[in-house]
Amino acid sequence: MNEKDCNILEKLENQEYKLFRKRIIEAVLSTDMAMHSKLVGTISSKVSNDDFVISKYLESNSEINKFDFQQDIINFVLHAIDIGHAAKPFKIEIKWADLVTQEFHNQGDVEKKLNLPISFLCDRTTANIPASQVGFIAGIVLPTFQLVQRICPKTFEYVQLIETSKEEWEKLKKII
């Protein structure tokens, strides 16, 4: 973005730029799994009634609430995308799971080398990837995407892909 032809924000006024930057920073920070319960709780409370339609909700709220709600949605959707590799066809999902597992194991190797406690799921000697994936999908990813579907009903196909991924990991769990 430092190059003139690549700076998509160059025409923003200073205040608009600050607002955009604030939104992006908040959204990126929301990808931290430590934020998961808070994000899910915030969105669940807002979409709890059966007749929830996001456009009607946005139209019926003040500008201040609208901004906050928009940020909550942005944060939640980016978080869902960040954890959502199970929402891809399984042959792609398994590649993503392998990459994430490699990242975790590399972290565990560094922690072990530094004589630190090895973080959850980061010990390559005790890892059971299919069991970890089943637990992660069932406990985190699927409920998150079911909530995404409440906001945007046309995402039902992603929920189906996640359910299929969970079933495929269950099969692998029995083999290993």
Side-chain angles (χ1 to χ4, degrees), residues 1-3 6-48 52 54-55 57-58 61-88 92-93 95-112 114 116-123 127 129 132-155 158-159 161-162 165-166:
M1 285 181 45
N2 288 331
E3 295 180 26
C6 297
N7 187 355
I8 61 171
L9 307 178
E10 70 183 344
K11 296 190 183 207
L12 294 180
E13 297 294 327
N14 190 39
Q15 194 61 28
E16 293 171 320
Y17 175 82
K18 286 180 180 179
L19 181 64
F20 181 83
R21 185 175 186 278
K22 178 184 177 194
R23 280 210 190 263
I24 296 300
I25 289 170
E26 216 177 294
V28 170
L29 291 175
S30 74
T31 63
D32 186 334
M33 280 304 295
M35 298 294 294
H36 178 77
S37 293
K38 179 182 178 194
L39 289 166
V40 169
T42 297
I43 298 303
S44 292
S45 68
K46 292 181 178 178
V47 302
S48 59
F52 175 83
I54 195 166
S55 58
Y57 183 89
L58 288 173
N61 283 283
S62 72
E63 288 301 312
I64 294 170
N65 288 340
K66 189 183 296 186
F67 178 87
D68 291 341
F69 184 70
Q70 289 170 345
Q71 188 67 53
D72 290 341
I73 295 292
I74 290 166
N75 295 352
F76 177 71
V77 170
L78 187 61
H79 174 69
I81 292 165
D82 187 52
I83 65 170
H85 55 77
K88 299 181 183 311
I92 296 171
E93 143 65 356
K95 289 178 184 178
W96 274 104
D98 182 54
L99 291 170
V100 170
T101 299
Q102 286 178 36
E103 181 181 337
F104 285 4
H105 288 171
N106 290 342
Q107 176 182 329
D109 294 345
V110 170
E111 291 168 342
K112 188 175 187 178
L114 296 173
L116 296 170
I118 299 175
S119 299
F120 182 62
L121 301 177
C122 294
D123 189 342
I129 297 163
S132 298
Q133 288 301 313
V134 168
F136 184 64
I137 291 169
I140 302 290
V141 180
L142 185 56
T144 299
F145 274 80
Q146 288 168 332
L147 190 52
V148 169
Q149 186 180 357
R150 295 247 323 118
I151 297 166
C152 184
K154 292 183 180 182
T155 60
Y158 297 114
V159 172
L161 284 166
I162 292 165
S165 287
K166 182 178 164 282

Can you see which heavy atom on [X] is nearest to which on [Y], and at what distance?
X: Ala138; Y: Leu142; value: O-CB, 4.5 Å
X: Ser165; Y: Ala86; value: OG-O, 3.0 Å
X: Leu147; Y: Ser44; value: CD2-OG, 3.4 Å
X: Ile43; Y: Asp72; value: CD1-O, 3.8 Å

Does [X] have any side chain to side chain contact (heavy atoms under 4.5 Å, CB included) partners at least two apart in sequence or in another chain, and if so, which?
X: Lys38; result: Met35, Thr42
X: Ile74; result: Arg23, Ala27, Gln71
X: Phe136; result: Met33, Ile83, Ile140, Val141

Please tell me if the side chains of [X] and [Y] come closer than 4.5 Å, counting only heavy atoms from C-beta onward.
X: Phe145; Y: Leu161; result: no
X: Val148; Y: Tyr158; result: no
X: Lys95; Y: Leu99; result: no

Notebook entry, point to check: What pairs with Glu16 under side-chain hydrogen bond (donor to acceptor under 3.5 Å, both in side chains), at least two apart in sequence or on another chain?
Noted result: none
Margin query: If the condition is side-chain hydrogen bond (donor to acceptor under 3.5 Å, both in side chains), which residues does Asp98 pass it with, not counting sequence neighbours?
Written below: Gln102
Check: Under the side-chain contact (heavy atoms from CB on, under 4.5 Å) criterion, do Ile137 and Glu93 qualify, and how do the steps go?
Finding: CA-CA 11 Å; Ile137 291 169; Glu93 143 65 356; 4.0 Å; yes
Pairwise distance [atom1]([X]) to [atom2]([Y]) - rounded to 0.5 angstrom:
X: Asp82; Y: His79; atom1: CG; atom2: NE2; answer: 7.5 Å
X: Asn75; Y: Ile73; atom1: CG; atom2: CD1; answer: 9.5 Å
X: Ile81; Y: Phe76; atom1: CD1; atom2: CZ; answer: 10.5 Å
X: Phe20; Y: Leu9; atom1: CZ; atom2: CG; answer: 5.0 Å
X: Leu114; Y: Asp109; atom1: CG; atom2: CG; answer: 11.0 Å
X: Ile151; Y: Lys46; atom1: CD1; atom2: NZ; answer: 10.0 Å

Check: Judged by modelled atom types alone, do Glu111 and Gln107 share a side-chain donor-acceptor pair under 3.5 Å?
Finding: yes
Item checked: Neighbour count >12 (heavy atoms, 6.0 Å) for atom CD, Gln15 -> no
Margin query: Does anything in residues 138-155 form a side-chain hydrogen bond (donor to acceptor under 3.5 Å, both in side chains)? List the pairs, not counting sequence neighbours.
Written below: none
